[in-house]
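Note that these values count all heavy atoms, side chains included, but never hydrogens, waters or copies made by symmetry. Values in this document were obtained by computation on a predicted structure and should not be read as measured data.
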Amino acid sequence: RSKLRLGSIIWYKVHDELFVGNCITQEHYGTDKVYLDYHALYDCMKQLQGHLPVHMPLIGCGLAGGRWEIAKPVIEAALGNAEAHLWRLK
């Protein structure tokens, strides 16, 4: 059975001071509907509080079909005043 659970994070150590966390925020993928689970997004962001600063793309708002105007307040509520940097890919 898969260890991937909504709201969990799979961590990869790049070196002693740099980790990459893959946030599991959707069960399936496609472009026909919204696949982002906003509750899972919140759960992942809460876990990131101890791993600051956080750098992320517009998580869940590309191929997952989420809406940034919904995801942003979810992220802000979970991270609070934590240092976070948003990256927009072109």
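In this structure the side chain of W87 never reaches within 4.5 angstrom of the side chain of M56, judged on heavy atoms.
When all heavy atoms are compared, the tightest approach of K46 to A78 is CD-O, 3.3 Å. Between T25 and L6, the shortest heavy-atom contact is C-CD2, 3.6 Å. Contact detail for P57 and L86: the closest heavy-atom pair is O-CD1, 3.5 Å. Scanning all heavy atoms of the two residues, the minimum distance from M45 to L79 falls at O-CD2, 3.3 Å.
A donor-acceptor contact shorter than 3.5 Å is absent between the side chain of Q26 and the backbone of G65.
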Run I24 and R5 through side chain to side chain contact (heavy atoms under 4.5 Å, CB included) and show every step you take.
CA-CA 7 Å; I24 310 304; R5 302 261 186 260; over 6 Å; no

Candidate pair D37 and Y42, rule side chain to side chain contact (heavy atoms under 4.5 Å, CB included), full reasoning
CA-CA 9 Å; D37 183 311; Y42 179 86; over 6 Å; no

For the pair Y35 and E27, evaluate side chain to side chain contact (heavy atoms under 4.5 Å, CB included) and give the outcome as yes or no after the intermediate values.
CA-CA 7 Å; Y35 287 93; E27 288 188 283; over 6 Å; no

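Once rounded to the nearest 0.5 Å, the distance linking SG of C23 with CG of L41 reads 7.5 Å. In this structure, OG1 in T31 is found 8.0 Å from CG in L63, a value given to the nearest 0.5 Å. To the nearest 0.5 Å, atoms CG (L4) and CG (N22) are separated by 9.5 Å. Once rounded to the nearest 0.5 Å, the distance linking SG of C61 with CZ of R88 reads 10.0 Å. The CD1 atom of I70 lies 12.0 Å from the CD1 atom of I75; values are rounded to the nearest 0.5 Å. Remark: R67 CZ to L36 CG distance equals 11.5 Å, nearest 0.5 Å.
In the model, H85 has a side-chain atom that pairs as donor or acceptor with a side-chain atom of E83 under 3.5 Å.
Using cut-offs of 30° and 60° on the angle between ring planes, the pair W11 and F19 is perpendicular.
More than 12 heavy atoms of other shown residues, nucleotides or ligands fall within 6.0 angstrom of atom CG in D32.
For Y38, the side chain to side chain donor-acceptor pair (under 3.5 Å) test picks out no residue, with sequence neighbours left out.
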